Each structure stands twice: as structure tokens, then as C-alpha cells.
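Accompanying notes for the structure given below.
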Amino acid sequence: MVETLHKRVKKYASHFEEISGLDACVLNLVDQRFYEEPPAFCRDYCPCMTAGCDCFRVHLRNCLEAERWDGRYTYYCPLNLLFVAAYCNSNTGVAIGIVAGPILLEESDRDCILGLSEEALEHIAVMNTGKSYHLGEALAALLTCCGSRDKGFSPTENQWDTINDMFRLATSLDSDGTPTGYSIEMERRLGYFISDGDGEGARQQISQLLSYIILSAGGKLQTTRSRCLELLVVISRAAIDAGADIETIFSLNDKYFQEFQKCAVPQEMGVLVASAASCCASYVQDANSAKHSYAISKAISYIRQNYAGKITLEQTAKMVYLSRSYFSKLFAEETGTTFSNFVIQTRIEKSKQLLLNSGIALADVACMVGFVDQSYYTKCFRRLVGVSPGKYRHCQGKLDGGE
């Protein structure tokens, strides 16, 4: 039995894990799911997971970015930890990604990694920028090698659904015995599904359009190819109008145009169009998420630069052009904690550095990191660190337990 692409990638990913010491997780980019489970680190230690944050969306988005950047992409997760993503698309239309990490760069400031326990930090590989780059190259080469061996037409489960829908609809006839007609209104509905980021709705609509295209083409491959390319234009324009990055969509189109030339049967073309629709719908979703992620990232940078002064939720929300209530909800979803808790955590982390200087009075430390009340500072410090600021200073930050 010919080894499936997924099994082949998973096998080599396990070798990569042993060599690199990183978790390597395989994603199905067509069906948009993990093949097994999220990376072990995310599952076991990431506070975002317990807060209900969908780590998959982060890793999926960056696997798709890897497609744009020659098969590999390096990115930071919401915790400011480095991950490496790689992408491959075989000649059967199967798209697979691998995410490896997390990595803490030697030159990184550990104070920027908030919300992780000491136990979690011990499980993070520390390496320099050069090594992380070489690991990314190796991961991309691994996937390229696996994809190049995937010959023939072997659809995934979701792709079989598309094919079955196409032929079920293609065999449905109008009352006069002719195939159900092609409707421009159906094209418009497809555009609406893409604009809404609804990949499943887009797939079902495409099935109806493709059923007519394939049947009416009468087995003529070039006719089918031309009609499918027209659909690809409809899909890509809808994604761009909805806010997806134009260069990303153009790059995606270039790839699919090349793949269409290799197709030997109409079913392959149908699967490619369905795959393109799924990717474009995902890009639309990610474009909206990216706008929000940028706002939260900007807010976090603002907090870290201005922790010593007065920082309010309303002021920060206004700075990123979001309403107070929506910004508060979005901040909690993306960071795993409330806005006020994040500000306090940042101030406490900064105060730890100052406490190591015995020449600075505790009251001055509290003031220098933005607390107007020393007693409240002490209460927050004890809650987050487990001991008082005075005890922390006495131990020079080397804590063996409670006070």
C-alpha cells in the first residue's frame, strides 16, 4: 500500500522532533484541522488554551503565510514565543503544514514572556537566531521532499465530499431532461460566502457550480479548465474585496494556475477550486483577525512602554480605535487575561528588577512602576509572586517557597 502523504510527513516530523528537541505538529490545511492534537507545549502549558483561545487559528494562519514565503515562515505566538511553520502542496491538491516550537531566542527579554510558570519556561528550547533559521530551512526541505513523492490523484475526505456533491448535482436534471443551468446568482452567493469567511458554505456553492461546468463541458478538459479558472477569479476578487491581502491572493492564484495545467481529469480541477475557496475564506477570516491582533499588539507595546504612568482601559481602547467594551473583550480573548491584570503583571515584573537594587526604597519602587499606593502594590506583588516585595528583595529574587 502506498504510504499516504500525512503518514509520511508525520513520520519525518517525529525524526525532526528527536533531532531538534522541538514539538512538531502536523496540520491539514485543506480541512483546516490538526491531524492529531495541538503542539504539546500549547496543550500542557499555554494559559491561552485554558482561557479558551484557539491556538489552531494562530498556527493555521502562519502555515498559510509559509506558502507565500517559499514554504517556510517564522512567527511569534501571542505569548511572544517563536515558532517555525512549513508548508507543502502536493500535486494531488493536498496541503499540509508543520508547526515546530516553541523557541526562546537567547537574545530575548524573558520579562516579555508573561503568564508562564517556571515549569513551562523549562520546557522551552533556547537557541540563537541562526539555529532557528536553519531549523526552519530543514523543516521546509522535509515537507518539500514529502510532497514531491505524492503522485496520482488521491483526494482527502473533504475532497471526496466535494467530488460526490459535484456528481450528485450533475446528475440532477430539469423537467425537460437538461442539466440544471449555471446561474450568475450562484456566483454571487459564492462571493458572499467568501466575503463572510464561510469556507463550508463556499464549498457547497462551488459543488453546484462545478456540477454544471463538468457535465456541460462534455469531457473536454480545456473547457473545464477555462470555466474553473473563471471561478478562481470570482473567488479571489471576493476575498480581496473583503480585505484579504492582495499580494497573498495573487500569489495563491499563481500557484493554482500552475496546478490547473497539471490536472489530467476534471475532478482534480474541481478539488483545486474547492481548495482555493477554502483558503480564500480562511484568508478573509485571518485578515479580520489580523486587524484585531495588530490592535492588541499595539496596546501591549503601549503598556510596556508606559507602565510607570497612568494607563486606563478607555484611553488604550481609544488609541487603537476600538470601543471600550469590545476592546476589553478582545484583549481578554487574545491574551488570556483581563486588561487590568495585564497592566498589573507588567508592573510587577518591572518592579522585580528594581527590587534587586537595595538603594531604592520600597515606596519609590511602587511609584516608579505606576502604583500610587504602596500597600496595594504589596498586595498585588504577594498575589502574583507569592511573597512580599521586602522578602523578594531579601532573597535577591531567589525564592525557595513562601514567606
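For clarity, every value in this text was computed on a predicted model and none was experimentally measured. The basis for the numbers below is simple: all heavy atoms, side chains too, and nothing from hydrogens, waters or symmetry mates.
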*Between L252 and K255, is any pair of side-chain heavy atoms under 4.5 Å apart?*
yes

*Between CZ on residue F381 and OH on residue Y392, distance to nearest 0.5 Å*: 6.0 Å

*Do F371 and S351 touch side chain to side chain, with heavy atoms closer than 4.5 Å?*
no

*For the atom pair CG (N341) and CD1 (I348), what is the distance rounded to the nearest 0.5 Å?*
11.0 Å

*Could I get the full list of ring pair (Phe, Tyr, Trp, His ring centres under 6.0 Å) partners for F16, not counting sequence neighbours?*
none

_Note, T74 side chain near I103 side chain (heavy atom, < 4.5 Å)_ = no

*Summary of side-chain hydrogen bond (donor to acceptor under 3.5 Å, both in side chains) pairs that have at least one residue in residues 306-317, sequence neighbours excluded*: Y302-Q315

*May I ask you to test the I311-F339 pair for a side-chain heavy-atom distance under 4.5 Å?*
yes

*Indicate the atoms forming the closest heavy-atom contact of A86 with C63, along with that distance.*
O-SG, 4.2 Å

*Once you round to the nearest 0.5 Å, how far does CZ of F260 lie from OG of S226?*
10.5 Å

*Is there side-chain contact between L60 and V99, with at least one heavy-atom pair below 4.5 Å?*
no

*How long is the gap from CG on L22 to CD1 on I98, to the nearest 0.5 Å?*
12.0 Å

*asked:* With a sphere of 6.0 Å drawn around CZ of F257, does it hold more than 12 non-hydrogen atoms of other residues, nucleotides or ligands?
replied: yes

*asked:* Can you give me the closest heavy-atom contact between R393 and I360, atom names plus distance?
replied: NH2-O, 2.6 Å

*asked:* So which atom in A317 and which in R324 form the shortest heavy-atom distance, rounded to 0.1 Å?
replied: CB-CA, 4.0 Å

*asked:* Surrounding CD of Q261 (heavy atoms of other residues, nucleotides or ligands, distance under 6.0 Å), is the total greater than 12?
replied: yes

*asked:* Just verifying a value: how many Å separate I194 CD1 and R189 CZ, rounded to the nearest 0.5 Å?
replied: 14.0 Å

_Rounded distance (nearest 0.5 Å) linking atom CG of D373 with atom NZ of K379_ = 10.0 Å

